[in-house]
Structure formats: structure tokens, C-alpha cells
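Accompanying notes for the structure given below.
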Amino acid sequence: MPSRDSPRPPASLDLAFWLTALLVLAYGAVLLALLLRLPPQPVTLGALTLALAGAGGWALRRQGIPVRWLAVAVSLAVVACAVVLNARVYDISYDGQGYHMLAIHALREGWNPLYEPAYPWSLWITHYPKASWLIGLYFWTFYPAIDAGKATNLIAIVASGAAAHAALTRATGQRGPILALAAMGLAANPVAVAQVFTYYNDGLLGSLLLTFAGLLAYQALAGDRLSAAGAALALVLLVNTKFTAVVYAALLGAAFLGYLALWRRERLVSGLLWLGAAGLAGVLVFGYNPYVTNTLRNGHPFYPLAGPGKVDIVTGNLPQDFIGKGRWERFYLSLTAKPGNPIQPNPSQRRESFWKVHPAEFKQLSVDTRVAGFGPYMHWIALGSLALGAVVLAWDRRRGLAGLALAGVIAVTVFINPEAWWARYVPQFWWIPFVFCLSGWTCRHWLSRAAALLLLALVGVNAGGSGLHLLDYQVTNSQRLEAQFDSLKAENRVIRISREGRNFISVPLRLAEKGIPFEEVPPEEACPNPERILFTSVRHCR
């Protein structure tokens, strides 16, 4: 419960909590079904959902946390809209169709990773964290379209914006359009927007990490139970999304506990207990597969990215001019280059000067942009952030040092990753300019406030240009794929498709959803000149 001197919590705090809770509810229902060896069917998952919801409601009452039904209703509406919208926009990404959908389909067809840890057709499906797949299966179970399962990304984006808004209003004691815009900008991370209609989980990691950080910040300042419960739930999801999330969450948790040790010692022990319990539950219970199974079977919880026999997934994705460079030089090269996806032997595209940026560069962004993935103006924004930090430090040393400390914590989470040059591996780098904007806006001197608004405007231009192009890219290409399916359906005949192995299960699933009759044949039995299904390696014969 909030302390007596705390202002009324903003509605955004309830929204962030309930959106996170609904995702955990879906995750828990599928996980419990797997534990009980029950089939993932609507009746089964519906009953488990009701049971878990009842247990959760009882736990909230025990902790004295009120249930605000309007927030619950709004959260359910957000989830429903996200599911329906995602069902209408195809995932056209390679990884999304290549193995994420395959994992969800395998779960639906009876593979149980709790009792059969090894999935024989994919190293990544066997060993990677599985929260996004289980939640995807949940949505797919209730809505008959494989693409409905990727609604998790959009739900998490909304939750992250709400959590950021709650933290900003609590930290500043203000409520207004500037803070609302800042929260929206934080949520509109180009990595998250680039992947919003895909099964990629890097943007999901960024959104969940922002939700976790926002709720932790609110809890550090207010000490209320709702934000603590929300942060614990976000942590469970976070560590079961990607391996790197464990490290990022641990660093943010350490910063939170450090703050309590310095300024809220009376809450340090309780903070350590609930945060530690959530982390252990997330890794050892919810994350039994992969963390425990990887350790027992392969000697390292992060296998195959670490430990004996680890697989190098980065070298083959480096631009030629990144070969042999250290992490700092790679990061600088990526930050200051033109956006693109060069892979050796192709180098990154260099600018004629630091200041020369053309708006057409937004068109080079895609679902998985390797170089300059935060947008073409990000190097300007980084320089502007440092300049704003210096201005605030000159006029308000205490506020300036606080901003630098917070930015420093975020920077540690970024640069602990040796591949920080690739935006999708460190989506939290996007937060740093907002820290300086916040410190500048809350400083009383007019120059710092004006500089903060100027920097926020530049961030908005970068986020807006990136977001509009990335959304258009996904929707337009989805429509192209839809038109191809419509054309095949209009032919009113059985089409023959050939796949390499089990990849791109998306094609037979979508053909079935569209009511297009088909048969699968080995590649060697395909017709002489088969045509390609757009955005896949699958061929079909007319």
C-alpha cells in the first residue's frame, strides 16, 4: 500500500500491472497444462486460467492490494485488440517464421519441454527461453490464427509505456503532456516497433525490461505493494524471454537494492526478499526449461550461447569493417553509420560527415537492422544527451549527478554485452536520452528546460520517422503476402509446396487458415520452375 504521504497512484500504474499480470496468467496457464500433461485446448486452458486468476485475486487481497476493475477491463480490451490486430498482420520476418512459429506449433502438437527437453529438429527451440512461445500458444489456442500469438509484443509495448509514465510522474511529482510524451517515446523504442508484428523477442525484451525498470523505480520511491507485485511478475516474464535478460535484470535489481541501502534502509530487507524470490522463481521454477535442463544436460544455463560447445551466432553477421574491431569501436561504427544490414564481405555505409543525415535513411530500417538500428539520428541524440547532461550539471549539480548516475546504470547494462553495436541486443540504450531529458526538464533553469525540449523533439523525430516506416514496412508486406494467398485461393486447386526441412511452418499453417488445399512434396519432386511464397524459402507449383 502507498505510504500516507504518497500521492494517489496514477491510473497508468494499474494498467502496467494488469497488462503484465495478464501475460503472466497466460504463461502460467500453459506452463501448468504442460506440468499436468494436459492438452493445450480452449477448455483446458480456460479452466486453468480461471483457477490461477482466483488464486491471484486471493493473493492480492491478502496483501491488501485493491482490484480496480476499470483497469482490468481496459487491460482486457488492450489484449483483445492486440490479438485481433496481430491476426490480421502476417509476420514476414525470417526468424519469426523460421523457428519461433515452429516452436509454438511443436507445443501445440504435443511436444512437452518439461518432460522432453530436447526438440530434435532445432537446437534453438530446445535450449532457448520459452515464455513468448507459451504465451503465443495461449493466444493461438483461443484465436484460430498462428499470427495472433505474436500479440505479446504489442501488449508489452503498452505496458512499458504505462510503467514509464507511472515512474516519471512519481519521480517528478508532475503530470502533464511532456511526461506523457516522454513515456510514449520510451515505449516507442525502434527495436520494439520494428518487431511489433513479428515473433522476434528482442523488442519484447526491451518492453518488458522497461516495464520492470519503471515498476522498480516507482516501488523505490513510493514503497507500495502494487508496483512491487508488478515488478515481480515482469521479472518472471523477463528472464524467460532471452538469456541476456537475466544479466540485465540482475543489474537493474542491484541498482534498486543499492538505492534502498542508501536512502530507504527500512525497506532493504523486504526488497531483497521479494525481488530475490521472484528472480529465483523465474529462473528455477518458471524457467526450469531451459535454465535447469541446460545446466544438467550441457553444463551451462545459457547453452548454446555459452559453456562447452557454444555456438558463435555473431561473427557471420558482422559487416566486413567490423571484423577485428573491439566492442567500443564496433559500437561507434554502428552508431554513426547509415542504417542497413550489411554482412561480410559487405562493409557498413559510412557518412560523409557526422552531421549529414538524410530522412530517406529511415527506409533502410527493417525488422532486424544490424547497423544504426536505433534510427539515423541516434548519434546526434547521443551527443545532445551528453551536452544536456553538462548543462544540467552546471546549473544544478545534485540533479545533474543523479541523471549521470542513472544513465550510468543503464550504460552498464548496455556495454556489459560485447555485441552492443547491434541494437536488438541492447534495446535499453534507447532510454539514456530520456534520462537527460528528464533531468533537464525538472531543472529550474530556463536553458536546461529549453535544451531538454529540443532534445525530446529530436528524439520524437527519430522515433516517429523510424516507427512510421517500420509499421508501414510490416503492414505493406503483409498485404502483399495476403494478396498472394488470395491469388492462390482464387485458382481453386490443390497447390504443391516444398520446404527445406521443417522451417517455415508458417506457410502450411496459413494455407490451412485460408482454406487453400495443398500437399507437401520433397524439393526434388517439385515442378521445374517453382515460384516462391513471399518472405519465405518455400516454393509452390502452379
Side-chain angles (χ1 to χ4, degrees), residues 23 86 91-101 103-104 124-125 127-133 135-136 149-161 186-213 234 237-249 251-252 290 302 304-305 313-314 316-318 330-331 334-335 339-341 343 365-375 378 410 413-432 463 466-467 470-471 473-474:
L23 289 177
N86 273 269
D91 181 353
I92 46 87
S93 70
Y94 185 91
D95 282 6
Q97 299 181 83
Y99 77 90
H100 289 291
M101 287 187 186
I104 297 170
W124 317 115
I125 293 175
H127 297 288
Y128 274 4
K130 298 172 174 60
S132 63
W133 299 337
I135 299 173
K150 55 186 169 53
T152 311
N153 286 348
L154 182 54
I155 297 167
I157 287 175
V158 178
S160 69
L186 279 162
N189 189 320
V191 176
V193 176
Q195 299 178 3
V196 65
F197 291 124
T198 77
Y199 271 111
Y200 267 83
N201 56 12
D202 310 284
L204 176 61
L205 178 147
S207 297
L208 291 175
L209 197 63
L210 178 57
T211 303
F212 177 62
L237 289 175
L238 187 58
V239 298
N240 286 289
T241 298
K242 283 179 71 78
F243 287 143
T244 50
V246 176
V247 179
Y248 297 158
L251 291 172
L252 291 179
F302 297 158
L305 302 185
I313 63 172
V314 174
N317 284 288
L318 287 173
R330 287 180 184 177
F331 177 81
S334 180
L335 185 67
N341 274 305
I343 301 177
L365 295 170
S366 63
V367 169
D368 182 14
T369 310
R370 285 172 175 78
V371 175
F374 289 108
M378 195 60 188
I410 300 170
T413 71
V414 171
F415 294 109
I416 198 171
N417 191 324
E419 310 304 334
W421 62 273
W422 200 339
R424 75 180 180 99
Y425 287 162
V426 288
Q428 68 272 27
F429 179 69
W430 179 249
W431 307 352
I432 293 179
S466 300
L470 289 165
L471 290 174
Y473 172 85
Q474 294 173 82

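Atom set for the values below is all heavy atoms of this structure, side chains included, hydrogens, waters and symmetry mates excluded.
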- Cut-off 3.5 Å, side chains only: do S93 and D91 have a donor facing an acceptor?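 Note: S93 and D91 side chains meet the donor-acceptor criterion.
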
- Task: May I ask you to check whether Y248 and N417 show a side-chain donor-acceptor distance below 3.5 Å?
- Result: yes

Using atom types as modelled and distance alone, determine if a side-chain donor or acceptor of [X] lies under 3.5 Å from a backbone N or O of [Y].
| X | Y | result |
| --- | --- | --- |
| S160 | I157 | yes |
| N153 | G203 | no |
| N240 | A131 | no |
| K130 | I125 | yes |

Closest approach of [X] to [Y] (non-hydrogen atoms, all atoms of both residues):
| X | Y | value |
| --- | --- | --- |
| A249 | V239 | CB-CG1, 4.5 Å |
| A213 | L252 | CB-CD1, 4.1 Å |
| N86 | K150 | O-NZ, 2.9 Å |
| P190 | L470 | O-CD1, 3.6 Å |
| S334 | V371 | OG-CA, 3.6 Å |
| P427 | G206 | CG-CA, 3.6 Å |

- Message: Checking Y200 against D368 for the side-chain contact (heavy atoms from CB on, under 4.5 Å) test, could you report, in this order, the C-alpha distance in whole Å, the side-chain angles of both residues, the deciding distance, and whether it holds?
- Response: CA-CA 9 Å; Y200 267 83; D368 182 14; 3.7 Å; yes

Starting at [atom1] of [X], measure out to [atom2] of [Y] and round the result to the nearest 0.5 Å.
| X | Y | atom1 | atom2 | value |
| --- | --- | --- | --- | --- |
| I155 | T211 | CD1 | OG1 | 11.5 Å |
| L204 | L209 | CG | CG | 10.5 Å |
| M101 | T198 | CE | OG1 | 9.0 Å |
| L251 | I410 | CG | CD1 | 12.0 Å |
| L23 | I135 | CG | CD1 | 5.0 Å |
| N201 | Q195 | CG | CD | 7.5 Å |

Side chains of [X] and [Y]: does their closest heavy-atom pair fall under 4.5 Å?
| X | Y | value |
| --- | --- | --- |
| L318 | R330 | yes |
| Y128 | L305 | yes |
| S466 | V193 | no |
| M378 | L335 | yes |
| P290 | F302 | no |
| S366 | N341 | yes |
| W133 | Y99 | yes |
| L237 | F212 | no |

Listed partners of [X] passing side-chain hydrogen bond (donor to acceptor under 3.5 Å, both in side chains), at least two apart:
| X | result |
| --- | --- |
| Q428 | T413 |
| T369 | none |
| W431 | none |
| N189 | none |

- Plane angle bin for H100 and Y199 - parallel if under 30°, tilted between 30 and 60°, otherwise perpendicular: parallel

- Sequence neighbours excluded - salt bridge (Lys or Arg N to Asp or Glu O under 4.0 Å) pairs with any residue from residues 191-206: D202-K242, D202-R424

- Task: Could you pull out all residues at least two apart from F429 that satisfy ring pair (Phe, Tyr, Trp, His ring centres under 6.0 Å)?
- Result: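 Result, ring pair (Phe, Tyr, Trp, His ring centres under 6.0 Å) vs F429: F331, F374.
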
- Check the pair F197, L471 against side-chain contact (heavy atoms from CB on, under 4.5 Å), reporting the backbone distance first and the verdict last. CA-CA 8 Å; F197 291 124; L471 290 174; 4.0 Å; yes

